[in-house]
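Below you'll find the structure, written out as structure tokens, and then a few comments.
Residue indices begin at 1 and follow the sequence shown. Below, each value reflects all heavy atoms present in this structure, side chains not excepted, and no hydrogens, waters or symmetry copies.
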Amino acid sequence: MIITKNPEEIELMRESALIVSKTLGMLAPHIKPGVTTLELDKMAEEFIRDHGAEPGFLGLYDFPNSLCMSPNAQVVHGVPNDKPMEEGDIISIDCGALKNGFYGDHAYTFEVGEVKPEVKELLDATKESLYVGIREFKAGNRVGDVGYAIQKYTEDRGYGVVRELVGHGLGATMHEDPEMPNYGKRGRGKKFIEGMVVAIEPMINLGTKRIKQLPDGWTILTADNKPSAHFEHNVALVDGKPQLLSTFDYIYDALGIESDEEDEFKAQVYGKEL
Ligand code: MG
Ligand code: MG
């Protein structure tokens, strides 16, 4: 059952989402060759607690850390460790925060130093597919419309779309109805309703869509060991349109990256008045 949120609850969810956004922004300048994922995890936990929130993933389904850190061929759910990151790596950082009884949950795949052009293209396409999908999260559409849009955009570019892991509704629990696959058929699945909040999160592979799991019981990686990218936003359906609760702007500010992707998205969704 989809649990809708009233405007006050959506504002609380925005607060939780923005704690995650700020956490990712805080981490961004530290993501360099030599740093370990465990060091970043400790920094994030402290930052989240300093902002009056609890780490959303720590202890969730018994996950041992505050961040899911998934480098290179790892898709999601990687466990932080003490292995230094290297030039040319990529790392998906997925972060959760719980405040006022509501979760924020979003993710960004960072470059460590200079990455190969084909990997950079994978990151750009995966991030673009996130916005392509979010634009379909609107009144009158269904779960399949978002999945179809993400799948079409990324498969047209030759990438593999992970099937086994999906986005989800978000609220007082981390995973609510509906599941939000990154593949699907137009017009199929549950209908979107005003006040629902979802985490949309394409997980896109450079090679095969197939995955495998490490014996740690957590880490998901690509079956062919080629890189995988993952970007996630939290989005509310307000006045029939998708409203971003999370932002990547803290990351861009920290890294000195000029990006108008979220302004462009808003202009497309709301028209020229913004
Ligand atoms: Mg996430
Ligand atoms: Mg999620």
Side-chain angles (χ1 to χ4, degrees), residues 12-72 74-86 89-113 123 126-127 130 165 167-168 170 173-175 199-201 203 214 216 218-220 228-234 244-257:
L12 293 177
M13 292 201 68
R14 189 191 313 279
E15 195 179 331
S16 299
L18 288 177
I19 290 171
V20 175
S21 304
K22 289 172 188 170
T23 306
L24 295 174
M26 177 278 294
L27 293 172
H30 299 281
I31 301 167
K32 290 180 174 160
V35 75
T36 71
T37 49
L38 207 47
E39 288 166 342
L40 296 172
D41 180 75
K42 291 296 157 227
M43 292 169 60
E45 178 174 353
E46 195 177 316
F47 187 88
I48 291 166
R49 292 192 192 284
D50 284 350
H51 284 73
E54 297 287 319
F57 297 159
L58 185 65
L60 185 72
Y61 313 118
D62 291 329
F63 189 75
N65 292 87
S66 296
L67 300 177
C68 292
M69 306 282 267
S70 310
N72 301 322
Q74 294 186 13
V75 179
V76 287
H77 303 165
V79 181
N81 61 30
D82 57 5
K83 183 174 175 283
M85 290 204 277
E86 293 177 16
D89 284 348
I90 55 170
I91 175 111
S92 157
I93 303 185
D94 197 348
C95 178
L98 175 64
K99 188 173 183 182
N100 299 314
F102 289 104
Y103 282 97
D105 163 31
H106 65 106
Y108 192 91
T109 302
F110 293 86
E111 299 160 48
V112 184
L123 297 181
T126 303
K127 181 144 61 73
L130 171 62
L165 298 141
H168 50 94
L170 185 69
T173 51
M174 177 69 77
H175 297 112
I200 297 178
E201 49 178 317
M203 290 157 256
L214 287 184
D216 66 10
W218 285 109
T219 311
I220 304 291
S228 181
H230 175 216
F231 291 87
E232 177 176 19
H233 266 315
N234 299 150
L244 293 179
L245 300 183
S246 52
T247 175
F248 297 144
D249 281 349
Y250 293 101
I251 296 170
Y252 300 141
D253 286 350
L255 297 179
I257 294 172

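- Using a 4.5 Å heavy-atom cutoff, the side chains of Pro80 and Leu40 are not in contact.
- Listed by first and then second residue, the side-chain hydrogen bond (donor to acceptor under 3.5 Å, both in side chains) pairs that reach into residues 55-67 are Asp41-Asn65, Tyr61-His175, sequence neighbours excluded.
- Here the side chains of Thr109 and Ile91 are not in contact, with every heavy-atom distance at 4.5 Å or above.
- No donor-acceptor pair under 3.5 Å is formed between the side chain of Asn100 and the backbone N or O of Phe102.
- Phe63 contributes atom CZ, which lies 3.5 Å from atom SG of Cys68 (distance to the nearest 0.5 angstrom).
- Taking both residues in full, the closest heavy atoms of Gly96 and Ile48 are given as O-CD1, 3.8 Å, listed atom of the first, atom of the second, then distance.
- Ion pair Glu45/Arg49 flagged as a salt bridge, since at least one NZ, NE, NH1 or NH2 atom sits closer than 4.0 Å to an Asp/Glu carboxylate oxygen.
- Remark: Lys99 does not engage Glu54 in a salt bridge, criterion side-chain N to carboxylate O under 4.0 Å.
- Looking only at side-chain heavy atoms (C-beta outward), Asp94 and Glu232 come within less than 4.5 Å of each other.
- A distance of 10.5 Å separates NZ of Lys42 from OG1 of Thr37, quoted to the nearest 0.5 Å.
- Residues Pro64 and Trp218 share a closest heavy-atom pair of CD-NE1, 3.9 Å.
- Donor-acceptor pairing under 3.5 Å is lacking for the side chains of His233 and Glu201.
- Atom OH of residue Tyr108 and atom CD1 of residue Ile251 lie 5.5 Å apart, to the nearest 0.5 angstrom.
- Considering only residues two or more places apart in sequence or on other chains, Thr23 meets the side-chain hydrogen bond (donor to acceptor under 3.5 Å, both in side chains) condition with none of them.
- Residue pairs meeting the ring-ring contact (aromatic ring centres under 6.0 Å, His included) criterion with at least one member in residues 31-56, sequence neighbours excluded: Phe47-His51.
- Not one N or O on the side chain of His106 forms a donor-acceptor pair closer than 3.5 Å with the backbone of Ser246.
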Result block: side-chain N/O donor-acceptor pairs under 3.5 angstrom for residues 26-36, not counting sequence neighbours:
unit_1, atom_1, unit_2, atom_2, d
Thr36, OG1, Glu39, N, 3.1

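- Between Val112 and Ile90, every side-chain heavy-atom pair lies at or beyond the 4.5 Å cut-off.
- A donor and an acceptor atom, one from each side chain of His168 and Asp105, are located under 3.5 Å apart.
- Looking at Ser21 and Asp249, their side chains never come closer than 4.5 Å, going by heavy atoms from C-beta outward.
- Here CG of Asp89 is found 4.0 Å from CG of Asn72. Values are rounded to the nearest 0.5 Å.
- To the nearest 0.5 Å, the span separating CG on Leu18 from CG on Leu245 amounts to 8.0 Å.
- A heavy-atom distance below 4.5 Å is not found between the side chains of Ser70 and His77.
- Nearest heavy atom pair, residue Ala44 against residue Leu67, reads CB-CD1, 3.6 Å.
- For the pair Phe231/Met203, no side-chain contact is recorded, criterion being any heavy-atom separation below 4.5 Å from C-beta on.
- Leu24 approaches Phe110 most closely through the heavy-atom pair O-CZ, 3.9 Å.
- For an aromatic pair to be called close, the ring centres must be under 6.0 Å apart, and Tyr250 with Phe248 fails this.
- Taking all atoms of both residues into account, the shortest heavy-atom contact from Cys95 to Val20 is O-CG1, 3.4 Å.
- Glu111 meets the salt bridge (Lys or Arg N to Asp or Glu O under 4.0 Å) test with Lys120; sequence neighbours excluded.
- With sequence neighbours excluded, no residue forms a salt bridge (Lys or Arg N to Asp or Glu O under 4.0 Å) with Lys22.
- To the nearest 0.5 angstrom, Thr247 atom OG1 is 11.5 Å from Asn234 atom CG.
- For the residue pair His230 and Thr126, no side-chain donor N or O sits within less than 3.5 Å of a side-chain acceptor on the partner.
- When all heavy atoms of Gln74 and Gly78 are compared, the pair lying nearest together is OE1-CA, 3.5 Å.
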